[in-house]
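Here's the structure we're looking at; comments come further down.
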Amino acid sequence: MIEYWPSKRTSDSIVRQNESLLLPFETQRIIEPFADGAVLLRAEVLDKAEGLLEEVRAIAHAAPFRRMVTPGGFTMSVAMTNCGDTGWITDRRGYRYGAIDPESGHQWPAMPALFRAVAVTAAERAGYVGFEPDACLINRYEPGSRMSLHQDKNERDFAQPIVSVSLGLLATFQFGGATRKDPVRKIFLDHADVVVWGGASRLNHHGVLTLKNGWHPSTGRVRYNLTFRKAL
DNA sequence: AAGTGTCC
DNA sequence: CGGC
């Protein structure tokens with residue numbers, strides 16, 4: 001049973017609800033603020049998605065995706081790798097950033113110029129000028145993978161935003177508040193969507209519901225998420 | 001230390 | 001869905 005989505009890149013209803021936020025018509029992209037300091041950029045990297053995916057393949061060749069273990073001893077359902085000066089890792093000892101891939105003993109692959117450009121541009125469009133990511137965590141979700149509600153708080157400077165790029169299968173992103181029990185907003189993230197959060201929402205809890213089965217022409221049975229941070 | 005959990 |  002093969003399903004195909006998205007059949008339509010942006011829904012008419014979303015366009016109608018956000019008329020005042022529409023960018024110049026030819027881009028067909030939408031800026032949608034959804035929390036204090038948080039912005040959804042629909043279809044932001046549609047023209048760069050194939051290039052980004054090529055880079056993901058090259059990075060995964062040097063630093064293969066692996067399912068890390070949490071300090072509690074649970075293996076995560078999402079497979080991860082990193083590029084940049086430093087990378088986010090977890091094992092029985094804890095969560096942290098490190099310049100060395102523990103699997104290989106080598107540095108993480110360098111952050112491709114296209115990655116940096118996409119992250120910086122998206123941050124700017126969301127209102128964060130001067131963002132200089134030094135880390136990109138790459139998450140690979142397959143059907144059944146999920147990420148429970150958490151905060152990104154291993155970075156040093158919470159004045160720097162988080163930029164999240166979605167590629168491939170549709171996911172339901174949950175964006176909550178300062179505490180884990182704050183209500184969450186559900187946001188459907190499609191291929192080439194970008195989410196940026198910072199400011200008052202920098203430490204908000206967020207997560208991804210269990211990925212549904214599906215097939216995407218660019219990625220197959222997979223969703224990739226590129227999460228750019230300034231960690232150091 | 002661990003709530004980024006194929007949790008329970 | 002809430003709690004640890």
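In this text the structure is predicted, and so the values were computed from the model without any measurement. The chains referred to below are lettered A, B, ... by the order of the sequence lines, with proteins before strands, and numbering in each begins at 1.
- If you check every strand for non-hydrogen atoms under 4.0 Å, R96(A) touches nothing.
- The hydrophobic cluster containing L149(A), built from Ile/Leu/Val/Met/Phe/Trp/Tyr side-chain heavy atoms closer than 4.5 Å, also comprises V184(A).
- Closest heavy-atom contact between M111(A) and D134(A): CE-C, 3.9 Å.
- Whole-Å rounding puts the Q174(A) CD to dG2(C) P distance at 11 Å.
- Under the salt bridge (charged side-chain N to carboxylate O under 4.0 Å, His left out) criterion, the residue pairs touching residues 147-167 of chain A are D152(A)-R229(A), E155(A)-R202(A), E155(A)-R229(A), with sequence neighbours excluded.
- Applying the ring pair (Phe, Tyr, Trp, His ring centres under 6.0 Å) test to pairs two or more places apart or on separate chains, those with a residue in residues 33-80 of chain A are F34(A)-F175(A), F65(A)-Y224(A).
- R223(A) and E142(A) are not joined by a salt bridge, as no carboxylate oxygen comes within less than 4.0 angstrom of a charged side-chain nitrogen.
- By the 6.0 Å contact criterion, CZ on R57(A) is enclosed, its count of non-hydrogen atoms from other residues, nucleotides or ligands being greater than 12.
- For the residue pair N154(A) / W88(A), a side-chain donor-acceptor distance below 3.5 Å is found, with atom types taken as modelled.
- Contact check on D190(A) versus R42(A) returns no salt bridge, with no Lys/Arg side-chain nitrogen under 4.0 Å from an Asp/Glu carboxylate oxygen.
- Ring-centre distance between H191(A) and H216(A): below the 6.0 Å cut-off.
- A residue-by-residue look at R92(A) and F74(A) shows that R92(A) has its nearest nucleotide of DNA chain B further toward the 5' end.
- G144(A) comes within 4.0 angstrom of nothing in the nucleic acid, heavy atoms only.
- Taking a pair as Watson-Crick or G-U wobble with both distances under 3.5 Å, DNA chain B forms no stem of 3 or more consecutive pairs.
- Side-chain rings of F188(A) and F173(A) stay apart, their centers remaining 6.0 Å or farther from each other.
- Of all nucleotides in DNA chain B, those with any atom nearer than 4.0 Å to a heavy atom of chain A start and finish, going 5' to 3', at dA2(B) to dC7(B).
- Nucleotide dC1(C) holds its C1' atom 16 Å from the NE2 atom of H205(A), rounded to whole Å.
- A donor-acceptor contact closer than 3.5 angstrom is absent between the side chains of H150(A) and H205(A).
- Listed by residue number, M80(A), W88(A) are the residues of residues 79-91 of chain A with a heavy-atom contact under 4.0 Å to DNA chain B.
- Only the C1' atoms considered, dG3(B) is 15 Å distant from dC1(C), to the nearest whole Å.
- Annotation: dT6(B) and dA1(B) have their C1' atoms spaced 24 Å apart (nearest Å).
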